[in-house]
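Below is one structure; the comments refer to it alone.
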Amino acid sequence: MTSPIQSTATFSSTADQTQDLTSKVVEEVERLNTRLAEARVVIGRIIFGQTKVIDDSIITLLAGGHALLIGVPGLAKTRLVQTLGTVFGMDAKRVQFTPDLMPADILGSEVLEEADSGARSFRFITGPVFCQLLMADEINRASPRTQSALLQAMQEHRVSIAGQYHDLPSPFHVLATQNPLEQEGTYPLPEAQLDRFLMQIDVGYPDIEAERRMMLATTGAAEEKPSAVLSAAELIAAQQLVRRIPVGESVVTAILTLVRAGRPEDSPLEMVRRHVAWGPGPRAAQALMLAVRAKALIDGRLAPSVDDVVALARPILQHRMALGFAARAEGIAVADVIAGLVATVN
């Protein structure tokens, strides 16, 4: 039987270990926040007037996810992805999606080789997906078959070719750019693939002052070039730190309330039951849990708040919901539905 003295000693030891662990996490958060602040400054010198887009992109990387950047041509979406690859020290590759692009052009293929002895064997030639940061440029210009070639890579971080699995490098992120669906020659992404993107980041026009600075900075004799701030190994360590950041019960409840209220079968909101064809699945709650932690990290806070859930609701939910015919007929947009959902957690 354990004596009271032994029990007290054991409790004291456990408390000390918890305190040491908490102190270590605090130190790591503060150190990483300083590095991330530097990264944001470097990216801001290249990408003008898109602070929220930059922050959401960094949150996506810290959460270990993929992002879908949507906007009209000419808003520096491709330049942003290239800059992120340099600043975070990742091996980056780019694929320009076109209607004639085939899955093998992304994943790679097996070729038959004949040795001098006459023996024949297959050799796998890797495609551009074997990198740490894949820029899928204008992803909705390709056919649905080619778009779906990325599904397994995005979810499992490996691909299967001819029955053999091939692991992708770590970290692995897909940052895809997409033109608005209203443009000619675009194909909507499959719902299953949309769900694999942690966020849909809408890229809008910069304000007049940002556009003035961009115009002057990019048309002179010398143009600013990005520099590496972190390494890929440091990014992996940051992703592990994100998962160690504590989340309060109020934030957990807010995430569950928000996600479940977006499903027409369970929602207490008449707007959702009437206008939403299908709502966000469990992957949306997982994405929110990681993203709010990452947001707290780049803001220099030790724990996320309900305000973080509200701020990230739209980029995480909007591509995981579909509206019915009644909503389209009445001019209801997904953003209107999400605004109603956010009201349930405020």
Side-chain angles (χ1 to χ4, degrees), residues 32 36 39 43 54 56-69 77-78 80-97 101 103-109 124-139 142 146-162 164-178 189-190 192-201 226 228-244 283-284 286-287 289-291 293-294 297-298 315-316 319:
L32 182 58
L36 291 174
I43 298 171
I54 293 171
D56 285 351
S57 300
I58 295 176
I59 288 171
T60 299
L61 295 179
L62 292 175
H66 315 287
L68 183 64
L69 300 160
K77 300 186 298 296
T78 301
L80 170 62
V81 179
Q82 292 172 333
T83 303
L84 287 168
T86 300
V87 171
F88 284 90
M90 289 185 283
D91 171 31
K93 293 183 181 178
R94 177 185 180 217
V95 175
Q96 182 66 49
F97 279 62
L101 192 74
D105 297 328
I106 304 171
L107 305 180
S109 58
F124 177 63
I125 300 177
T126 61
V129 75
F130 286 84
C131 63
Q132 293 174 322
L133 179 64
L134 178 68
M135 182 198 310
D137 212 359
E138 296 186 301
I139 189 172
T146 302
Q147 292 171 0
S148 299
L150 285 174
L151 267 173
Q152 184 183 29
M154 293 172 66
Q155 181 64 26
E156 302 178 18
H157 292 192
R158 64 177 182 174
V159 297
S160 57
I161 305 292
Q164 298 292 320
Y165 286 107
H166 303 273
D167 292 329
L168 298 174
S170 182
F172 174 73
H173 301 276
V174 175
L175 295 186
T177 67
Q178 175 173 300
L189 291 174
Q193 185 164 6
L194 284 172
D195 197 32
R196 263 65 175 187
F197 286 102
L198 183 95
M199 282 194 199
Q200 174 183 312
I201 303 173
V229 177
L230 290 90
S231 66
E234 288 175 316
L235 176 58
I236 293 174
Q239 292 170 349
Q240 294 170 347
L241 178 59
V242 164
R243 291 176 175 267
R244 292 162 56 197
R283 195 176 280 119
Q286 295 170 325
M289 179 67 86
L290 289 171
R293 286 168 160 163
L297 182 61
I298 68 171
I316 287 180
H319 60 294

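From a predicted model like this one, the values you see are computed outputs, not experimental measurements.
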Quick check for you: to the nearest 0.5 Å, what is the distance between [X] atom [atom1] and [Y] atom [atom2]?
X: H66; Y: L61; atom1: NE2; atom2: CG; value: 10.5 Å
X: L69; Y: T78; atom1: CG; atom2: OG1; value: 9.0 Å
X: M154; Y: D195; atom1: CE; atom2: CG; value: 9.5 Å
X: I106; Y: T126; atom1: CD1; atom2: OG1; value: 13.5 Å
X: H173; Y: L198; atom1: NE2; atom2: CG; value: 10.5 Å
X: Q152; Y: L168; atom1: CD; atom2: CG; value: 8.5 Å

Hey, is the main chain of [Y] close enough, under 3.5 Å, to the side chain of [X] for a donor-acceptor pair?
X: R196; Y: A192; answer: yes
X: Q178; Y: I139; answer: no
X: E138; Y: Q96; answer: no
X: T146; Y: L101; answer: yes
X: Q193; Y: P190; answer: no
X: Q132; Y: F172; answer: no

If I compare all heavy atoms of [X] with all of [Y], which pair ends up nearest, and what's the gap?
X: A238; Y: L62; answer: CB-CD2, 3.8 Å
X: L68; Y: L194; answer: CD2-CD2, 3.8 Å
X: H319; Y: Q200; answer: CB-OE1, 3.2 Å
X: P128; Y: D105; answer: CD-O, 3.2 Å
X: L107; Y: F130; answer: O-CE1, 3.4 Å
X: A291; Y: M199; answer: CB-CE, 4.4 Å

Yes or no on side chain to side chain contact (heavy atoms under 4.5 Å, CB included) for I43 and L80, after CA distance, side-chain angles and deciding distance?
-> CA-CA 8 Å; I43 298 171; L80 170 62; 4.1 Å; yes

Please find out if less than 6.0 Å separates the ring center of H166 from that of F124.
->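 H166 vs F124: aromatic centres under 6.0 Å.
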
Of L235, L230, L134, which is the lone residue that meets side chain to side chain contact (heavy atoms under 4.5 Å, CB included) with M90?
->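 Exactly one candidate clears the test, L235.
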
Mind running side chain to side chain contact (heavy atoms under 4.5 Å, CB included) on L290 and R243 for me, showing each step along the way?
-> CA-CA 7 Å; L290 289 171; R243 291 176 175 267; 3.8 Å; yes

Verdict with supporting geometry, F88 and L133, side chain to side chain contact (heavy atoms under 4.5 Å, CB included) = CA-CA 10 Å; F88 284 90; L133 179 64; over 6 Å; no

